[in-house]
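What follows is a single structure, written as structure tokens, with notes after it.
Model, not experiment: these values are computed from the prediction.
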Amino acid sequence: MNTRPLVLYRNFRHQDLFDKMAGLLMGDEESGRTDAYDCASQLIELAADYGFQGNLWHCFLALCLANHENAYSVSCEIRGDMGGTLSNLARQDFRILKELFHQDITKLDRLSSGSSIWKDLSSFVPSGRISHFFNERVRDRIIEFSVALQQAADIQEFQNAVTEFYREFGVGKYGLNKAFRIKEDGHEADIEPIVNVEHVYLDDIVGYESQKQKLIENTENFIQGKGANNVLLFGDAGTGKSSCIKGILNAYYGQGLRIVEVYKHQFHALSSVLEQVQDRNYRFIVYMDDLSFEESELEYKYLKAIIEGGLGRRPQNVLIYATSNRRHLIREKFSDKRELDDELHVNDTVQEKLSLVARFGVTIYFGSPEKKEFQNIVRVLAKRNQIHMPEEELFAEAIRWEMNHGGLSGRTAAQFITYLLGKQ
């Protein structure tokens, strides 16, 4: 079995381990026991990092296929196998990979001085440690993927299993994760996954139904390739603006929605981010939380150019969603509007500061709830968390709590419920 003819599936992330395992399974004993022990150690570390179980060789190959971005795998994400020459070339690679997949790793115990290391790795039981790379759902899907590949009766079934995985989950970091942040390394902007995303859903947010519906409609239009606008969610603190964005992500992740979180000091890297995501078969929201600028901060000019106004065209698969406590984003002073201001063209100064928010086609206001609305939020959250108190007592304690903890807001109500849970 020779892996050199692989055309599309080359240069895996763990290529060295792949090569050593292929050599051992093909009967190449020149490297002796050292490689066998080294490979076993690496597979165990990967299992601990990713939370794998069962046959670790199968899980490793499934991971290699799930992570490998090439012309075929990228073309299959979301859309499935489109046929053509790429499909034929992939099938040739899959013949080799399928043969590797069906190698029995227990035979490597002959290189382990009579121990049963490889027998143990063929039916590995994890320690239960939380994965550093995937959430549990995706980890389980990788394990299911490895089982489907193992059960494939022929090369066509093997290719179908791979293609279905790419269509459902995508490939590489964008396929296996839903949210990302920017890590800057010198002049490079690297998009890295956020593994543990908070499980917030739109139904968890009590009230604000019209605001949520407006956001849903815009997002669904975006996912369906229809006209959609950049969105600014503004208003009082603790009213659910950021939670709505998280809820949108969790609701539409399965339809190809991804989010890249960008901080204000990283706006200069936005062009690089857009270049990296523009050719992928996903819809990306560039998310900016708690967006605001002081008068001396000029980062907003980068944002203005990216949203609308630069020579380059913003990719069709990217929108910008921002939250802010300020309606106009940039701090304004009365001196901006005084007729006797030092600047000759006063209106130009005002328009410069208002032009950023004008680039958001949809603006959604989140105001602090009235007392009755606040009480309703408390009532609903108490019921969800199975807190049983007379309603009058519940409301009275909630009002006392909010007077000392930030006023009427959904966040204050949630914190109050957490306080009550801690007393139980």
Side-chain angles (χ1 to χ4, degrees), residues 179 196-220 229-253 259 261 264 285 287-293 320-332 357 360 362-424:
N196 295 311
V197 179
E198 189 176 2
H199 295 292
V200 176
Y201 297 92
L202 291 171
D203 288 343
D204 295 335
I205 303 165
V206 183
Y208 301 99
E209 297 304 323
S210 62
Q211 291 91 331
K212 289 188 288 185
Q213 187 58 37
K214 199 172 183 180
L215 188 61
I216 288 170
E217 290 174 359
N218 192 74
T219 305
E220 289 185 348
N229 283 293
N230 300 308
V231 180
L232 173 64
L233 293 75
F234 73 97
D236 300 315
T239 51
K241 302 182 293 296
S242 300
S243 294
C244 278
I245 302 294
K246 296 172 186 175
I248 283 289
L249 171 62
N250 287 313
Y252 295 100
Y253 161 67
I259 279 186
E261 186 174 30
K264 183 167 54 178
I285 288 174
Y287 170 46
M288 303 166 184
D289 190 30
D290 197 18
L291 187 63
S292 65
F293 300 92
I320 294 175
Y321 282 13
T323 68
S324 179
N325 294 337
R326 291 181 184 172
R327 171 65 175 86
H328 290 148
L329 299 180
I330 305 170
R331 183 184 294 277
E332 297 178 89
V357 72
F360 289 90
V362 174
T363 55
I364 306 175
Y365 174 64
F366 286 72
S368 294
E370 300 292 335
K371 182 178 178 180
K372 287 186 177 180
E373 294 171 325
F374 176 77
Q375 290 175 334
N376 182 56
I377 295 172
V378 170
R379 180 192 297 112
V380 172
L381 293 180
K383 183 177 180 180
R384 286 179 184 173
N385 289 276
Q386 299 182 344
I387 294 174
H388 304 291
M389 288 177 63
E391 195 167 271
E392 285 189 11
E393 181 183 349
L394 178 67
F395 290 164
E397 285 204 35
I399 293 300
R400 282 195 294 270
W401 174 272
E402 66 86 8
M403 291 177 66
N404 296 302
H405 295 85
L408 300 173
S409 73
R411 177 184 297 156
T412 303
Q415 291 170 345
F416 170 63
I417 296 299
T418 301
Y419 162 73
L420 292 182
L421 290 171
K423 291 178 61 178
Q424 289 185 348

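Here the CZ atom belonging to Phe360 is positioned 10.0 Å from the CG atom belonging to Leu233, to the nearest 0.5 angstrom. Annotation: the span from Ser243 atom OG to Asp204 atom CG amounts to 8.5 Å, rounded to 0.5 Å. Here the CG atom belonging to Leu215 is positioned 5.5 Å from the CD1 atom belonging to Ile245, to the nearest 0.5 angstrom. To the nearest 0.5 angstrom, Asn385 atom CG is 7.5 Å from Thr418 atom OG1. With rounding to the nearest 0.5 angstrom, the OG atom of Ser242 is 3.5 Å from the CG atom of Asp289. A distance of 6.0 Å separates CG of Leu408 from CD1 of Ile399, quoted to the nearest 0.5 Å.
At least one donor-acceptor pair under 3.5 Å links the side chain of Asn250 to the backbone N or O of Glu198. Tyr208 places a side-chain N or O within 3.5 Å of a backbone atom of Gly367 that can act as its donor or acceptor partner. Using modelled atom types, no side-chain atom of Ser324 and backbone atom of Asp290 make a donor-acceptor pair closer than 3.5 Å. One N or O on the side chain of Lys212 and one on the backbone of Ile205 form a donor-acceptor pair closer than 3.5 Å. Checked by atom type and distance alone, the side chain of Lys241 never pairs as donor or acceptor with a backbone atom of Ala322 at under 3.5 Å. Side chain of Asn404 to main chain of Arg400: a donor-acceptor pair is present (N/O by atom type, distance under 3.5 Å, no hydrogens or angles). In this structure a side-chain-to-backbone donor-acceptor pair under 3.5 Å is missing from Glu393 to Pro390.
Considering all non-hydrogen atoms of both residues, Glu402 and Phe374 come closest at CB-CZ, 3.9 Å. What you find for Val197 and Ala179 is that their closest heavy atoms are CG2-CB, 3.6 Å. Scanning both residues, Ala237 and Ser409, for their nearest heavy atoms gives O-CB, 3.8 Å. When all heavy atoms of Phe366 and Gln211 are compared, the pair lying nearest together is CZ-CB, 3.6 Å. Residues Ile377 and Ala413 approach most closely at CG2-CB, 3.6 Å, considering heavy atoms. Taking all atoms of both residues into account, the shortest heavy-atom contact from Val378 to Ala398 is CG2-CB, 4.0 Å.
Put simply, the side chain of Thr219 reaches to within 4.5 Å of the side chain of Tyr321, judged on heavy atoms. With a 4.5 Å cut-off on side-chain heavy atoms, Met389 and Leu420 count as touching.
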Assess the residue pair Phe416 and Leu394 against the criterion (side chain to side chain contact (heavy atoms under 4.5 Å, CB included)); give the C-alpha distance rounded to whole Å, side-chain angles, the decisive distance to 0.1 Å, and a yes or no.
CA-CA 10 Å; Phe416 170 63; Leu394 178 67; 3.9 Å; yes
Lys246 vs Leu249, test: side chain to side chain contact (heavy atoms under 4.5 Å, CB included). Steps then yes/no.
CA-CA 5 Å; Lys246 296 172 186 175; Leu249 171 62; 5.6 Å; no
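The only member of Ile285, Ile216, Ile259 that meets side-chain contact (heavy atoms from CB on, under 4.5 Å) when paired with Tyr252 is Ile216.
Heavy atoms of other residues, nucleotides or ligands lying less than 6.0 angstrom from CD of Glu392 number 12 at most. Taking a 6.0 Å sphere around CE of Met403, one finds it holds 12 or fewer heavy atoms contributed by other residues, nucleotides or ligands.
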